[in-house]
Amino acid sequence: MAKKNNEKAKTAIRNSQSEIQNSCLVAVIMGSQSDWDTMKHADETLTKFGVAHECRVISAHRSPSLASEFGSTAEARGLEVIIAAAGGAAHLAGVMAAHTTLPVLGVPMRSEALNGLDSLLATVQMPGGIPVGTLAIGKPGAVNAALFAVAILANSRPELRKKLHEFRAAQEDKIRATKL
Ligand code: RP5
């Protein structure tokens, strides 16, 4: 079962990596394929809201030229938000922010060595002048980064704003209906 899921994850990343898609509004990038299990939740959330997006593996350290090229061309390709996830010495979001004025949302991955504290500090502690909006470690951060991206896009897209209101109302209904 785990093997099947892993194959599915690999295919999903391969498909999304095939071409740089010009029509995408959001890019979900991550430092390693090992981040996909967490970042698939950002992918799922954006899909739920019908937001055109691409998911790719780009490493600030292992593929620095690709990272630089991706960040520098993002605006011209029509992207409006970049979600960048990385773990450990997590520089991906910061490197993206260094190359673009688009909003960059960083998602720290839960690392084996320090449980994500390393990723969190590396992502959040940007020098003044190059902002990264950092979300929570792991899955909640992946989901919230996608919701934050939707909120940014919703500023100029009433249909997305409506969907966000509906999402919040459904969430509240669920809490109100919970019987213990
Ligand atoms: C980071 O190093 C990645 O974002 C990942 O979270 C971490 C470990 O990567 P792998 O060694 O699993 O490829 O660059």
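Counting starts at 1 for both ligands and their atoms, following the listed order. Values below: every heavy atom of this structure, side chains too, minus hydrogens, waters and symmetry copies.
- For the pair Arg62 and ligand 1, a heavy-atom separation below 4.0 Å is found.
- Here Asp43 contributes atom CG and Ile83 contributes atom CD1; the two are 10.0 Å apart, rounded to the nearest 0.5 Å.
- Residue Ala86 approaches ligand 1 through these ligand atoms, each under 4.0 Å from one of its heavy atoms: 4 (O).
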(request) For salt bridge (charged side-chain N to carboxylate O under 4.0 Å, His left out), just list the numbers for Glu166 and Lys162, CA-CA rounded to whole Å, side-chain angles, deciding distance to a tenth of an Å, and then say yes or no. (result) CA-CA 6 Å; Glu166 287 164 1; Lys162 186 166 167 271; 3.2 Å; yes
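- With respect to atom 3 (C) of ligand 1, the closest heavy atom belonging to the protein is Asp35 OD2, 3.4 Å.
- At least one N or O atom of Gly87 sits closer than 3.5 Å to an N or O atom of ligand 1.
- Environment of CZ in Arg168: sparse, with no more than 12 heavy atoms of neighbouring residues, nucleotides or ligands closer than 6.0 Å.
- With a 4.5 Å cut-off on side-chain heavy atoms, Thr134 and Pro108 count as touching.
- Taking a cutoff of 4.0 Å between a charged side-chain nitrogen and a carboxylate oxygen, Lys48 and Glu44 do not qualify as a salt bridge.
- Atom 13 (O) of ligand 1 has as its closest protein heavy atom Ser32 OG, 2.6 Å.
- Comparing heavy-atom distances from atom 12 (O) of ligand 1 across Ala89, Gly31, Ser34 singles out Ser34 as nearest.
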